[in-house]
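Inspection log for the structure reproduced underneath, given as structure tokens.
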Protein chains: 2
Amino acid sequence: MVTIKDIAKLANVSHTTVSRALNNSPLIKEPTKRKILEIASQLNYSPNYNAKSLVMQKSHTIGLFFTSISTGTSPSFFVDSLKGVNRVISQDYNLFVRGLDDYDDYSSINQQRFDGIILMSQSVHDNPFIYHVLQKEIPLVVLNRDIEEAGIMNILSNDTDGARKAVEHLVENGHRKIAIIEGIKGFKSTQMRLEGYQEALTASGIPLQSDYRIRGNYDMESGYAGMEKLLSLKEPPTAVFCSNDDMAIGAMNAIFANGLKVPEDISIVGFDDIGFSQYTTPRLTTVKRPVEKISVLGAETVLSLVIGNKEIPKKIFAQTELVVRDSVAKRI
Amino acid sequence: MVTIKDIAKLANVSHTTVSRALNNSPLIKEPTKRKILEIASQLNYSPNYNAKSLVMQKSHTIGLFFTSISTGTSPSFFVDSLKGVNRVISQDYNLFVRGLDDYDDYSSINQQRFDGIILMSQSVHDNPFIYHVLQKEIPLVVLNRDIEEAGIMNILSNDTDGARKAVEHLVENGHRKIAIIEGIKGFKSTQMRLEGYQEALTASGIPLQSDYRIRGNYDMESGYAGMEKLLSLKEPPTAVFCSNDDMAIGAMNAIFANGLKVPEDISIVGFDDIGFSQYTTPRLTTVKRPVEKISVLGAETVLSLVIGNKEIPKKIFAQTELVVRDSVAKRI
DNA sequence: AGATGAAATGTTAACGTGAACAAAAAAAGC
DNA sequence: GCTTTTTTTGTTCACGTTAACATTTCATCT
């Protein structure tokens, strides 16, 4: 492996001069700089980041963490997050991706290994991790989940608002018997979307009904199961708000399986606007959540923190948006 | 940050003794070892991997590369790959995820930064990367795409075989007018699935028809567009083999949009068996590809290479499997 | 021309760890 | 008890880089 000392020897200068030349220091005369750069590229030199990191106390690594990679994270959510971050992180930063459930303890999470951390947080169970990172004084941005703790950069979508818009849309279409299939217990998103649902109903003077509130876990199967429960009620709902699109798709299947139709018999609204939702039959009305935008913002913020900008910790809200398609019918 | 020297001072030993104790060397007496470990955990010591890497010429990093993260890789494929690798990589290995299209040149890909590389390869355009990695003598496992080059560990699914089974299934159901919607031009998978399609037809004495061969690019939109082209033919096919599930879903939508039905009017087969395919209406008949298994095998192999095992380079084939659901009808 | 100062380059040490070699301590053999 | 061997610990250096400080080179001013 070729080092700066090899270059130094060939260029007849000291290795420090080479270091400075490669880092484009103004201390080096143009001709020497050019000569060194020339030799470096001829030898196909590439810097040893371990040595660099050791002496500079920087890791050149950004960590992107999810609550879990294997469960509870829908594929498209995951990919959109990664896309966003990847778009921002430049080539000389490493990007490290892991699920928190892969860790027994967080002792390996420290400043030497991570210049900055982006947490795509989905659950209160992430809090110990957040405290750990804060205590280690690693620049941190938490995405997707509202952290009350002061001093944390926080970027999220206003899910409550989105859910309210979705349910209001159902109410405007004449529905009064509106059920909800909830997400994973303990996830902040689950709670926010429930709140939006409840706010919309309460504002319209529709009483909350406990048997219209079904627990799900964000996958298609639980959407299916949840819908079956609702259909078995004496008085099934005429519309269902599903806390994400995956469950909405499961729910639609349960409806079909029972010989009923969407939206004629039952209207469905989802949440997320994943790629598939415009290819379901009928096309799914849903709430678009700007996942990629959130992760772009998150990556930009963490990079800015890493290079030492003292940003004032704040919350950034990315707007959700109701996407009206064909899965909601007017109830007369 | 606490170092082994800090521990050494407290334990009244040399830093080398500490190093040995922490690495559980048999040279150290049990009592000293215990004392050192005790102090280390009290001080909350965690090793500096940069220093370690520098002196040991190891990076503790495995790179997982995709042809592209933003385009051409379906979310579920991506997540399944990552899941598989994550399951195998232990906690003291870093995992880096990147798309090759993020790189202008590969100078930053070297032995210092990567102990081993897993390439989830989808296109011949990855070949320069493969050569680069080989030349740098980094342990490499190529997944998903057949590399003729000798000396490369290669793990893949037999897509030709899977595609043939899918099309044979159509033939067995009485179809003779069978079209194909292809994947991205230049992707190996595209070619293999086409070959399987052609083999099945030829074996059944059905002539290949160029207007039944439609170019797609693995996304839902192109499936939709491709199907529309087929429907506009004087003599549309009675069955379509779509080179992946995403396009199959797009195709089904195009059929619905034209007032036709699946499978009564046109039968559809997909490829991949993504999570959604059992939640489409009708449920999609498709070919299951063991993506997660492939990446588990890949990760295991690369780790084994990294710790110095001299595996004989070989190809491992993971079997595809036809999953019969409801999108194919008997043609009488 | 010599002193002065600025610009360019060189010397040395440091980052935290592991490894080769050296030394001390303990155990074994007589 | 003293040598010899074995076990355990210590010293020193190396990894490739940057940074503080030292030195040389060169232009400028009187």
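Reminder, nothing fancy here: chain letters follow the sequence lines and each chain counts from 1. Remember, it's a predicted structure, so these values are computed and weren't measured experimentally. Atom set for the values below is all heavy atoms of this structure, side chains included, hydrogens, waters and symmetry mates excluded.
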Exercise answer: donor-acceptor pairs, residues 22-31 of chain A side-chain atoms, under 3.5 Å, sequence neighbours excluded:
| unit_1 | atom_1 | unit_2 | atom_2 | d |
| --- | --- | --- | --- | --- |
| A:Asn23 | ND2 | A:Ser19 | O | 2.9 |
| A:Asn24 | OD1 | A:Lys33 | NZ | 3.1 |
| A:Ser25 | OG | A:Leu27 | N | 3.0 |

Sequence-distant partners of B:Glu292, salt bridge (charged side-chain N to carboxylate O under 4.0 Å, His left out), two or more places apart: B:Arg87
Partner residues of A:Asp104 under the side-chain hydrogen bond (donor to acceptor under 3.5 Å, both in side chains) criterion, sequence neighbours left out: none
Any residue meeting salt bridge (charged side-chain N to carboxylate O under 4.0 Å, His left out) with A:Arg20, in chain and number order, not counting sequence neighbours: none
Residue list, salt bridge (charged side-chain N to carboxylate O under 4.0 Å, His left out) with B:Asp102, at least two apart or on another chain: B:Arg98
Rounded distance in Å - CD1 (A:Ile4) to P (C:dT11): 14 Å
Among B:Tyr106, B:Phe65, B:Tyr93, ring pair (Phe, Tyr, Trp, His ring centres under 6.0 Å) partner for B:Phe114: B:Phe65
Nucleic acid contacts of residues 29-57 of chain A, taken as heavy-atom distances under 4.0 Å to DNA chain D: A:Tyr45, A:Pro47, A:Asn48, A:Ala51, A:Lys52, A:Val55, A:Met56
Nucleotide C:dG18, atom P - distance to CG of B:Leu22 in whole Å: 8 Å
Separation of D:dG16 P from A:His60 NE2 (nearest whole Å): 17 Å
Atom-to-atom span, NZ of B:Lys58 to C1' of D:dG16 - whole angstrom: 19 Å
B:Asp146 vs B:Lys315, salt bridge (charged side-chain N to carboxylate O under 4.0 Å, His left out): CA-CA, chis, key distance, verdict: CA-CA 8 Å; B:Asp146 195 354; B:Lys315 272 188 212 317; 2.8 Å; yes
Distance, rounded to the nearest Å, where A:Lys5 contributes NZ and D:dC15 contributes P: 7 Å
Pairing residues for A:Gln319 by the side-chain hydrogen bond (donor to acceptor under 3.5 Å, both in side chains) criterion, not counting sequence neighbours: none
Within residues 9-18 of chain B, residues whose heavy atoms come under 4.0 Å of DNA chain C: B:His15, B:Thr16
Gap between atoms CD and C1', on B:Gln111 and D:dC15 respectively (whole Å): 15 Å
Salt bridge (Lys or Arg N to Asp or Glu O under 4.0 Å) contacts in which one or both residues fall within residues 125-143 of chain A, not counting sequence neighbours: none
Position toward the 5' end of DNA chain D (nearest nucleotide), B:Gln112 or B:Leu27: B:Leu27
Rounded distance (Å) that lies between atom P of C:dT17 and atom CE of B:Met1: 10 Å
For A:Tyr45, all residues meeting side-chain hydrogen bond (donor to acceptor under 3.5 Å, both in side chains), sequence neighbours excluded: none
Bend angle of the helix from C:dA1-D:dT30 to C:dC30-D:dG1, end axes from five pairs each (to 10°): 50°
Which residues share a salt bridge (charged side-chain N to carboxylate O under 4.0 Å, His left out) with B:Lys58, sequence neighbours left out: B:Asp115
Integer-rounded Å distance: D:dT7 P and B:Arg20 CZ: 15 Å
